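Small disclaimer: the values here were computed from a predicted structure and weren't measured. Throughout, protein chains are lettered first and strands after them, A, B, ... in sequence-line order, and every chain is numbered starting at 1.
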Amino acid sequence: MEMDTDDTCKAKGEEEKAKPIVVILMGAPGSGKSTFCEHVIRSSARSWVRVCQDTINNGKAGTKVQCLTNAISALKEGKSVFIDRCNLEKEQRVDFVKLGSPQVEVHAVVLDLPAKLCISRSVKRTGHEGNLQGGKAAAVVNRMLQKKELPKLSEGFSRIMFCQNESDVQAALDTYSGFGLLDTLPHGSFGQKKPDTKVQLGIMKFLKKVEAPSNAGSSASSIQGSPASQIIEEKNSCFGGKETASLLSHNAREEVKDCQDPGVSSSTRKGSSSDGPILAFPSISTADFQFDHEKASDIIVEKVEESMDKLGNAKLVLVDLTRGSKILSLVRAKAAQKNINPKKFFTFVGDITKLYSEGGLRCTVIANAANWRLKPGGGGVNAAIFNAAGPDLEVATKEQAKSLVPGSAVVVPLPSTSPLSSKEGVTHVIHVLGPNMNPHRPNCLGGDYVKGCQILQKAYTSLFEGFLSIVSTQAKLSQESNEKIKLEPSQSPGHSKDGPRNHSPTGDQKNKRDGIHEHEISKKCKGSQNEVGTSINSSRAGKVNAENAKLDVSTSKAWGSWAQALYHIAMHPERHKDNLLLEILDDVVVLNDLYPKAQKHLLVLTRCDGLDCLGDVRKEHLQLLKTMHAVGLKWAEKFLDEDASLVFRLGYHSVPSMRQLHLHVISQDFNSKLLKNKKHWNSFTTAFFRDSVDVIEEISNQGKATLNDDDRLLSMELRCHRCKSAHPNIPRLKSHISNCRAPFPTSLLQNDRLVLAPSNTNNP
DNA sequence: GTTCTAGAAC
DNA sequence: GTTCTAGAAC
């Protein structure tokens, strides 16, 4: 056993009072477990014992029982213990979790780093204690990661830290290095991006690309237990849940240093139709009003929990300016313990007046921790918001109320002339007055927390009710504007959908949002504004529906000239006599993909004008979808007659590059010189690809299809679609898939997602 | 040095 | 969607 202890700096007495802990490390070979232990042990004020199975037997590998025995004796001596072994499967760690007791907490530190990184470290390392060197490392790491089961609090951990990139690891190192003998750490699960799915994540570099899709892997192609939830970010400075970094503009990431946001996907930035309005609110009363943070965090979490059911697609975000703010970490821990949906409520570090411009987080409503006179000035959030909003906010506030009593809130629509509106997209400010515990401020409660808590509860209730009233009003207005659009379709051609939205009766508010939207369009599209305007098909401009006429951007998109080819074929197949065309029917055209990404790759193209992509599909298209599927299936079966070894998959890209709804019928060999890049691969092998059978089911049941439209799906780590092993680049991946005969993942074998020759059904 | 990727242009 | 190519990665 390694006794990496540092006895020099602590007195015996201290150790006796202190509670030892067990930290179970989890991670593949090369994930840095031993290094982690060494770093902590070097700088910690505690006595640690590192129990390493690789070396426990006089420097050689030992048994699990030896590890347990040594851990128990270390704990008896009051020492804290690192369990340094892979521990990737639940069963492998269960006995170590049992080391916990009322006196001994068991923590998990998960070094869930990219497979690529672990592999390269394992390969490179020489003289590693576990003797896992050389070329076999890749195979071993891949195999282990495929069995990975991420830990859950329910296994018996009081605290779990997920580290998915180097900065997470640094944060965990800081946490445990500074974890003194008498300190306690908040309980809960920290830093995991998506607890329930195993989304593969991109190999992008920090500042160049964003990271984990928050929700995109939930479809059939994500496999429980697959080694997928791996982040390749190397420098992300965001600790405790890095998702929000995906929202940040490049220059903002440096400033937003802490966030926990498993819920906000890049769609919040892009403003896709699935977004809901977001209320950003500061912690009320805990700053200048000196309200106790523990009590305040209880109330925030309790009130958030109460409002969860009423939120619909709206979201709440607690904002604080400083990284490592006590109130944020308390709220995070308590929200995690209560299993509050992290998609609907999360925390964010940043300036509440610059959430969009600097943080990339679009919050249409922000709350202000106001003073009772509703006046600018003072300090903190109140001063910041009044400053950022300019005199417009003061004027608009006066129209609504002259003063506030503690525990109440007032909703103020923000004029579009306010910079906070034009730059940040804020439509409303809600002033909230919380209880005051500061004797130097008016209405001090003098330490009466019974009353204080009541008032703070009331304050949050008023705030959330105010927000919900805005949400429901806006939803109604967008319905009305939608009705109006339907009545006046002639006004829309030639404009982006901002045109129709200007007909809405909401006046100022609408214009303001349109400003943001245009900003986004100009960022997203490389073409000129003119191009944007003209390339949106006029038949689509009137199609803005109730959903996409909401606060956020519609699904409508601009198509470049190069993206029109399929549309032209669909409209006039007879003019395209080229040899790609296979079949022309009343509703569909079948053609070979011009750039096939597999031995067989066909497109079944709808001839319906105005149906550009999966996002446009509604219940009235159900029969068409079934026809497309049936035609695709017919062709797949024809090819299977010729070559029984083929396997087909039928489906749609969540966001196609080419206009005009088309079904891909693609053989799963992916044997094509034209499959050249990560986007090609991931567009057919991640949740970005929506199986036709699932789409039909969704349209039938819900009236629309789920779009896994997060760009990050397309830049995820390259993994074999059969065995899910990770590969560093396209050539290596292709070389692997040409030989891989692993069975397809179960999810693909279900529900006829794969189409096989009858003779091939048992062993694809 | 070569291989490979990612972003811009089309 | 592809092509081109700078520059990162090896």
Legend entry - A:Glu583: partners by salt bridge (Lys or Arg N to Asp or Glu O under 4.0 Å), with sequence neighbours left out: A:Lys634
Legend entry - Rounded interatomic separation in angstrom, taking NE2 from A:His653 and P from C:dG1: 6 Å
Inset, instruction - Give one of base, sugar-phosphate or nothing for A:Leu594, where a contact means two heavy atoms less than 4.0 Å apart. - result: nothing
Inset, instruction - Would you please confirm or rule out a distance under 4.0 Å between OP1 or OP2 of C:dG1 and any side-chain N or O of A:His680? - result: no
Legend entry - Euclidean distance, atom NZ of residue A:Lys678 to atom C1' of C:dT2 [Å, nearest integer]: 19 Å
Inset, instruction - Return the value, rounded to whole Å, for the distance between atom CG of A:Leu566 and atom P of C:dG1. - result: 9 Å
Inset, instruction - With sequence neighbours excluded, tell me which residues meet ring pair (Phe, Tyr, Trp, His ring centres under 6.0 Å) with A:His621. - result: none
Inset, instruction - Can you sort out the partners of A:Lys619 under side chain to side chain contact (heavy atoms under 4.5 Å, CB included), two or more places apart, ordered by chain and number? - result: none
Inset, instruction - Could you state the atom-to-atom distance from NZ of A:Lys679 to C1' of C:dT2 in whole Å? - result: 11 Å
Legend entry - A:His664 ring center near A:Tyr652 ring center (under 6.0 Å): no
Inset, instruction - Kindly write out the residues that satisfy side chain to side chain contact (heavy atoms under 4.5 Å, CB included) with A:Glu642, not counting sequence neighbours, or none if the list is empty. - result: A:Lys638, A:Phe639
Inset, instruction - Specify the separation, in whole Å, of atom CG of A:Leu580 and atom P of C:dT2. - result: 13 Å
Grab the N/O contacts between the protein and nucleotides 3-7 of chain C below 3.5 Å, and write none if there aren't any.
| unit_1 | atom_1 | unit_2 | atom_2 | d |
| --- | --- | --- | --- | --- |
| C:dT3 | OP2 | A:Lys676 | NZ | 3.2 |

Inset, instruction - Kindly write out the residues that satisfy side-chain hydrogen bond (donor to acceptor under 3.5 Å, both in side chains) with A:Ser667, not counting sequence neighbours, or none if the list is empty. - result: A:Asp669
Inset, instruction - For A:Met658 and B:dC10, give me the distance from atom CE to atom P, rounded to whole Å. - result: 18 Å
Legend entry - A:Trp562 CH2 - B:dA8 P separation (whole Å): 14 Å
Inset, instruction - Starting from P on C:dG1, measure out to CG on A:Asn592 and report it in whole angstrom. - result: 16 Å
